[in-house]
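Let me begin by presenting the structure, written as structure tokens, before commenting on it.
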Amino acid sequence: MRILKNIVIPAVCFALVTSFTALAQDQIDPRKDYHSYANIDDVAMSHVYLNLKTDFETSRLSGYAELTLTHINPEATTIVLDTKALDISSVETLVGETYAPAEFKMGEADPDLGSALNITITPDTTKVRVHYATTDASDGLNWATPEQTHDKTQPFMYSLSQTIYGRTWFPHQDTPKIKVTYSADIETPKDLMALMSANNDPAAERDGSYHFDMPQPIVPYLIAIAVGDFAFKAISDRSGVYAEAGLIEAAAHEFADSEKMIQAAESIYGDYAWGRYDLLIMPPSFPFGGMEHARLSFITPTVITGDRGLVGLISHELAHSWSGNFVTNGTWRDLWLNEGFTTYVENRIIEAVYGPEQAAMEMTDNYVDIMAELEHLEPAEEILAIDLRDQHPDAVFSEIPYAKAQLFLSFLESRVGREGFDKFVKQYFADFAWQTITTDVFETYLMERLAKDFPDAYTQEEIKTWIHEPGYPEFGLKPIAAAYDIVDAAIADMAAGKVKAVDIDMSGWIIHQKIRFVDSLPKNLSPNIIGEVDAAMGLSTSGNIKLVYQWMLYATKVGYTPALDARLETLLTEQGRIAYTKGLYKELLKFDPERAAAIYAIAKSTYHPITVWEVDRVFKNAK
């Protein structure tokens with residue numbers, strides 16, 4: 001790789017190859033980020049410095065963002081930044097050692113992309129400084145009130161920048177095509193603590209003033225901030241968990257295997273490159289399972305079950321330390337390179353720490369999920385290298401870049417053998433370390449590198465089918481976990497009246513088998529049998545929210561109101577994770593639209609804006 005003032009530019013020969021054939025066919029330029037105004041081919045930021053004050057009274061961040069520039073086109077007179085819903089008061093540029101006011105102009109606002117901030121510069125401009133404040137429309141920030149947190153004593157503010165929400169809390173070139181280092185000085189109320197995706201100090205004095213440095217280059221969407229009342233507990237010398245005081249012990253217990261997971265990944269793919277790996281437990285309104293911010297993964301509290309049954313999420317966010325943070329998708333069209341590799345690596349970590357049986361169950365679950373989702377997606381949505389032009393980049397998220405891409409990589413492993421594929425993946429991470437990569441570059445790399453050692457293992461046509469064709473290939477893997485045989489047999493016996501739910505021996509089942517059982521229940525069971533299942537498994541009172549979600553989903557589909565009366569409203573109002581809200585509202589709208597609307601009216605104000613956006617779409621599509 002070549003580095004120009006901390007801008008990491010792919011320099012291996014494969015990065016110079018572009019699929020002009022594909023460009024001619026569908027007019028997608030694989031090198032172009034269709035979701036950013038930034039003119040990075042002329043001038044690119046190489047370092048970000050944030051100097052910000054948090055104000056919980058007004059729910060605002062205010063201060064300035066300072067961007068260090070690299071001039072690629074010496075004749076460029078403008079740097080273009082991405083912004084959305086920011087109150088920009090002034091702009092300065094640095095030439096030599098002097099800051100001076102700069103001319104700037106805001107572009108027309110787009111409802112998705114926001115507005116381009118055009119700043120006049122000279123060839124000698126080394127930095128630009130933008131003074132601004134966030135607004136109520138800054139969707140990249142969430143200001144949780146004390147009532148919306150676990151302990152209900154202090155507020156909790158956090159950012160979520162993926163995909164293009166970073167531009168709503170600081171002005172910058174909001175594209176994954178570049179990587180930057182960053183630093184920050186954050187002022188907070190003195191009884192709260194600031195954390196960032198940087199070098200957090202577990203022993204930092206709580207004094208209202210916090211400094212951060214991120215020396216490794218990351219894509220801008222990985223810049224993250226959180227402010228709240230955090231306690232810390234170490235898991236190992238390089239890993240620990242931050243959480244509200246009332247949750248810290250449970251969180252530390254739940255994620256005690258984090259160090260084992262790090263070591264498992266290192267044994268296959270090389271050293272962990274980021275120093276520390278810490279977890280921050282988010283408020284219940286957090287919309288995702290986790291977010292892989294470098295050094296500090298944001299984690300939903302919904303995976304804290306007491307039995308470590310859902311810690312696969314941690315292995316996923318950790319795996320991003322290699323695939324996603326170390327080697328990153330070049331545009332949002334290429335997200336499958338992040339999430340597919342990550343889901344593959346996640347499964348390898350699970351296998352190493354918890355055994356091949358659990359790994360097989362999770363891969364089988366992913367296959368079942370992708371086949372179910374393919375029944376509802378349009379063909380254009382089923383392609384790994386999806387066309388996102390004229391769409392919000394969030395449209396990329398489905399099981400396609402996760403499960404389908406994981407199974408593509410597992411297919412390659414099955415053709416060349418695990419030893420050969422491990423060697424390839426490790427070399428891939430090394431060759432593209434600290435860089436971003438697009439689908440066309442990966443295709444060339446794959447054909448030239450893996451095919452060199454295994455020339456007859458697969459064909460180029462098979463690769464094209466996986467990446468560019470809809471559906472699931474006929475020649476793809478169809479994983480089946482043997483551990484599910486006992487579950488499927490129990491379902492069949494119960495449905496046939498051979499055994500009652502209470503008599504099924506589930507003592508040795510792990511959570512994956514219990515979820516499989518609930519997910520496989522026939523829709524024509526009598527209310528008496530459904531009630532027996534609920535009583536035997538304690539479903540309506542379970543502390544495992546994923547199991548409860550599957551149970552509520554089933555109860556909604558079959559109209560089993562006793563279960564819905566017992567847990568439905570609390571499930572939808574006490575947390576805001578998209579995975580446990582969107583699908584349930586969709587089914588509830590079919591069964592009882594008035595109840596769906598009534599619950600949403602109560603819960604909506606507690607949800608993150610991204611969750612609201614997703615659920616609003618469900619209600620709109622149901623009309």
Side-chain angles (χ1 to χ4, degrees), residues 56 59-60 84-85 111-112 134-152 154-166 168-169 224-228 243-244 247 280-291 298-304 310 313 392-395 397-398 545-546 548-550 552-553 556 564 567-589 592-623:
F56 282 90
S59 299
R60 298 284 189 275
K84 186 180 180 184
D112 290 335
T134 61
T135 68
D136 290 339
S138 294
D139 291 341
L141 296 178
N142 185 252
W143 299 82
T145 65
E147 293 74 26
Q148 295 172 323
T149 67
H150 179 273
D151 289 359
K152 304 189 185 306
Q154 292 281 11
F156 191 140
M157 182 274 288
Y158 62 91
S159 65
L160 267 181
S161 297
Q162 193 184 42
T163 50
I164 57 171
Y165 300 103
T168 74
W169 70 275
I225 186 172
V227 177
E244 295 175 73
L247 201 54
L280 173 61
I281 310 306
M282 306 305 288
S285 61
F286 189 65
F288 303 122
M291 180 60 207
F298 287 7
I299 303 297
T300 173
T302 64
V303 296
I304 301 176
L310 301 179
L313 173 72
H392 194 287
D394 282 359
F397 289 101
S398 70
I545 196 169
K546 187 172 183 180
V548 173
Y549 166 72
Q550 290 299 147
M552 291 297 104
L553 203 59
T556 304
L564 299 179
R567 196 66 182 274
L568 177 66
E569 186 168 333
T570 56
L571 176 63
L572 288 172
T573 57
E574 292 182 355
Q575 59 80 41
R577 186 175 171 184
I578 293 172
Y580 301 145
T581 54
K582 182 179 176 182
L584 195 48
Y585 278 116
K586 185 175 182 180
E587 291 301 327
L588 187 58
L589 280 165
D592 190 342
E594 290 185 4
R595 190 172 191 180
I599 294 175
Y600 189 39
I602 297 170
K604 186 173 183 177
S605 64
T606 69
Y607 290 163
H608 188 280
I610 296 175
T611 305
V612 171
W613 182 73
E614 290 282 1
V615 177
D616 279 349
R617 287 204 305 164
V618 170
F619 274 82
K620 180 180 179 180
N621 292 336
K623 293 180 180 179

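For this chain, numbers begin at 1 and follow the sequence in order.
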Should T581 and Q575 be marked as a side-chain contact (heavy atoms from CB on, under 4.5 Å) after you check the CA-CA gap, both sets of side-chain angles, and the distance that decides it? CA-CA 8 Å; T581 54; Q575 59 80 41; 3.8 Å; yes
Closest approach of S59 to T134 (non-hydrogen atoms, all atoms of both residues): O-OG1, 4.2 Å
Side-chain donor/acceptor of E244 to backbone N/O of H150, under 3.5 Å: yes
Check A596 against Y585 and note the closest heavy-atom contact, atom names and distance. O-CE2, 3.7 Å
What pair of heavy atoms forms the shortest contact from A622 to L589, and how long is it? CB-CD1, 3.7 Å
Within the 4.5 Å heavy-atom criterion, are I545 and L571 side-chain neighbours or not? yes
Side chains of H608 and F288: closer than 4.5 Å at any heavy-atom pair? no
Heavy-atom nearest pair, L310 first then T302, reads CD1-O, 4.0 Å
Can you check whether I225 reaches W169 side chain to side chain, under 4.5 Å on heavy atoms? yes
Can you tell me how the ring of F56 sits relative to the ring of W143, calling it parallel under 30°, perpendicular over 60° and tilted otherwise? perpendicular
Quick check: does any side chain N or O of K152 sit under 3.5 Å from a backbone N or O of E147, one acting as donor and the other as acceptor? yes
If we only count heavy atoms from C-beta on, is the Y580 to V548 side-chain gap below 4.5 Å? no
Aromatic plane relationship, F619 with Y600 - under 30° parallel, 30 to 60° tilted, over 60° perpendicular: parallel
Check whether any side-chain N or O of S159 sits under 3.5 Å from a backbone N or O of S161 as a donor-acceptor pair, and report yes or no. no
Residues S138 and A85: closest non-hydrogen pair is OG-O, 3.5 Å
Determine, step by step, whether Y607 and I578 satisfy the side-chain contact (heavy atoms from CB on, under 4.5 Å) criterion, reporting the C-alpha distance in whole Å, the side-chain angles of both residues, the deciding distance to 0.1 Å, and the verdict. CA-CA 9 Å; Y607 290 163; I578 293 172; over 6 Å; no
side-chain contact (heavy atoms from CB on, under 4.5 Å) between Q154 and T149, intermediate numbers included: CA-CA 8 Å; Q154 292 281 11; T149 67; over 6 Å; no
Would you please test T300 and R577 for side chain to side chain donor-acceptor pair (under 3.5 Å) and show each step? CA-CA 8 Å; T300 173; R577 186 175 171 184; 4.8 Å; no
Please confirm whether the backbone N or O of I610 pairs with a side-chain atom of E614, one donor and one acceptor, at under 3.5 Å? no
Hey, what do you get for CE (M282) to CG (L280), rounding to the nearest 0.5 Å? 5.0 Å
Flag the pair D592 / L564 as yes when at least one side-chain heavy-atom distance between them is below 4.5 Å, and no otherwise. no
I would like to know whether T606 and T573 meet side-chain contact (heavy atoms from CB on, under 4.5 Å); could you show each step before the answer? CA-CA 8 Å; T606 69; T573 57; 5.8 Å; no
Once rounded to the nearest 0.5 Å, what's the spacing between atom CD1 of I304 and atom CD1 of I299? 9.5 Å
Do the side-chain N and O atoms of Y165 and D394 include a donor-acceptor pair separated by under 3.5 angstrom? yes
What distance do E594 atom CD and L588 atom CG have between them, rounded to the nearest 0.5 Å? 11.0 Å
Taking all atoms of both residues into account, what is the closest heavy-atom pair of L568 and M552, and its distance? N-SD, 3.6 Å
For the backbone of P111 and the side chain of K84, can you confirm whether one donor and one acceptor N or O come within less than 3.5 Å of each other? yes
Rounding to 0.5 Å, atoms CD (Q148) and CG (N142) come to a distance of 7.0 Å
Drop me the distance from I164's CD1 to D112's CG, to the nearest 0.5 angstrom. 6.0 Å
For the atom pair NZ (K582) and CG (D616), what is the distance rounded to the nearest 0.5 Å? 12.0 Å
